[in-house]
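Heavy-atom basis, side chains included; hydrogens, waters and symmetry copies ignored.
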Amino acid sequence: MVHPKEEKTLVLIKPDGVQRSLIGEIIRRYERSGLKLAGMKMTVPTSELVEKHYLVDPEWRVKTGQKTIESYRKKGKTPPSEDPLKVTEVILNNLKNYMVKGPVIAMVWQGMHAVGVVRKITGGTEPLTSDVGTIRGDLTIDSYEVSDIDGRAVRNLIHASGSADDAEKEIALWFGPGELIKYNLAGEAILYDVNLDGILE
Ligand code: GDP
Ligand code: MG
């Protein structure tokens, strides 16, 4: 088993984040948590990579379709289809159109509870309802309602892995074996050392 401080997660700053000049602001929010940046690159993904990326979780199609149908019902609206797979097909196509339109920043953040910490800082999927204080809640304004009317993906600035398992598979898609750097960050001693020896002279 990997030590909890080795946990890694993939973050993508999507094309809207880069175009809004939010790269620095977004990195700042993750960096100050104490997590360590293990790799970073700027790239324009292909549609094939985007598809592989969203399908690393074999359940994603079904889960996303079901979640979307449920959220239509909650709002008293009729979903575009009763078949979760059909609903997800539209979402996936919209995502492919969105993600390939410009450069994205791909990053790997590492540290204790990296997946959970990054999801918390990132906020919920829909910017209109994500919490104040989160990246998606503070820095942009899109909603499912408007993105559905316009027939496009919701512009929510970030992708962040949903689990450590997904993260491992996603990282392998975006980074080659030599592109992640193993190093010590001085501040990690304060986060992880059991006894905090060596502070006092
Ligand atoms: P994330 O992990 O918070 O990004 O969310 P998911 O993994 O559930 O979904 C991935 C992407 O699918 C999101 O960034 C959205 O673009 C899209 N998506 C997910 N759920 C919905 C939904 O209910 N409606 C619409 N229109 N798009 C959705
Ligand atoms: Mg996800």
Side-chain angles (χ1 to χ4, degrees), residues 1-15 17-18 22-43 45 49-64 67 95 99 103-127 130-140 154 156-199:
M1 189 198 131
V2 292
H3 188 279
K5 72 181 183 189
E6 306 283 310
E7 186 170 304
K8 293 188 186 71
T9 190
L10 180 81
V11 173
L12 304 174
I13 304 180
K14 294 176 176 177
V18 174
L22 290 172
I23 298 170
E25 169 67 26
I26 288 167
I27 290 176
R28 182 185 74 94
R29 288 174 176 234
Y30 296 125
E31 189 180 29
R32 67 187 180 177
S33 70
L35 293 177
K36 172 168 72 181
L37 189 59
M40 177 159 77
K41 66 164 76 163
M42 183 182 237
T43 180
L49 173 59
V50 175
E51 172 154 339
K52 275 191 202 153
H53 166 86
Y54 281 103
L55 298 182
V56 294
D57 173 5
E59 307 276 288
W60 183 81
R61 275 185 195 270
V62 173
K63 277 191 305 199
T64 305
K67 192 186 77 175
L95 279 166
M99 294 294 287
V104 307
I105 304 288
M107 299 181 276
V108 175
W109 288 94
Q110 181 179 348
M112 192 163 58
H113 305 301
V115 170
V117 169
V118 162
R119 297 282 290 187
K120 177 184 69 171
I121 294 169
T122 302
T125 310
E126 184 195 31
S130 42
D131 289 335
V132 171
T134 65
I135 292 169
R136 286 164 168 170
D138 287 353
L139 303 179
T140 196
V154 65
N156 60 7
L157 300 173
I158 304 287
H159 163 80
S161 307
S163 70
D165 272 359
D166 287 356
E168 218 174 290
K169 294 178 205 153
E170 290 170 8
I171 290 167
L173 291 174
W174 290 85
F175 289 88
E179 291 182 310
L180 299 185
I181 298 178
K182 288 188 178 182
Y183 65 102
N184 292 313
L185 201 57
E188 285 175 306
I190 300 302
L191 294 171
Y192 305 124
D193 274 11
V194 176
N195 295 317
L196 290 183
D197 290 333
I199 295 175

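Nearest approach of T125 to R136, heavy atoms of both residues: CA-NH1, 3.3 Å. When all heavy atoms are compared, the tightest approach of V115 to S161 is CG1-O, 3.6 Å.
Annotation: side chain to side chain donor-acceptor pair (under 3.5 Å) contacts of E126 (sequence neighbours excluded): T129. For D138, the side-chain contact (heavy atoms from CB on, under 4.5 Å) test picks out R29, V132, with sequence neighbours left out. Residues forming a side chain to side chain donor-acceptor pair (under 3.5 Å) with K63 (at least two apart in sequence, or on another chain): D57.
Residue I181 places its CD1 atom among 12 or fewer non-hydrogen atoms of other residues, nucleotides or ligands, all under 6.0 Å distant.
No side-chain heavy atom of T134 sits less than 4.5 Å from a side-chain heavy atom of K120. Side chains of E6 and Q110 form a contact here, defined as non-hydrogen atoms less than 4.5 Å apart. Counting heavy atoms from C-beta outward, V117 and T9 have side chains that stay 4.5 Å or more apart.
Under the 4.0 Å criterion applied to side-chain N and carboxylate O atoms, E25 and R28 are assigned as salt-bridge partners. A salt bridge does not link E188 with K5: none of the charged nitrogens is closer than 4.0 Å to a carboxylate oxygen.
Ring geometry for H53 against W174 counts as perpendicular: the plane angle is over 60°, on a 0 to 90° scale with 30° as the lower cut. Below 30°, between 30° and 60°, or above 60°: for Y54 and W60 the angle between ring planes is between 30° and 60°, a tilted geometry.
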For I158 and Y30, what are the C-alpha separation, side-chain angles and deciding distance, and is it a side-chain contact (heavy atoms from CB on, under 4.5 Å)?
CA-CA 12 Å; I158 304 287; Y30 296 125; 3.5 Å; yes

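Formation of a donor-acceptor pair under 3.5 Å by the Y192 side chain with backbone atoms of M112 is found in this model.
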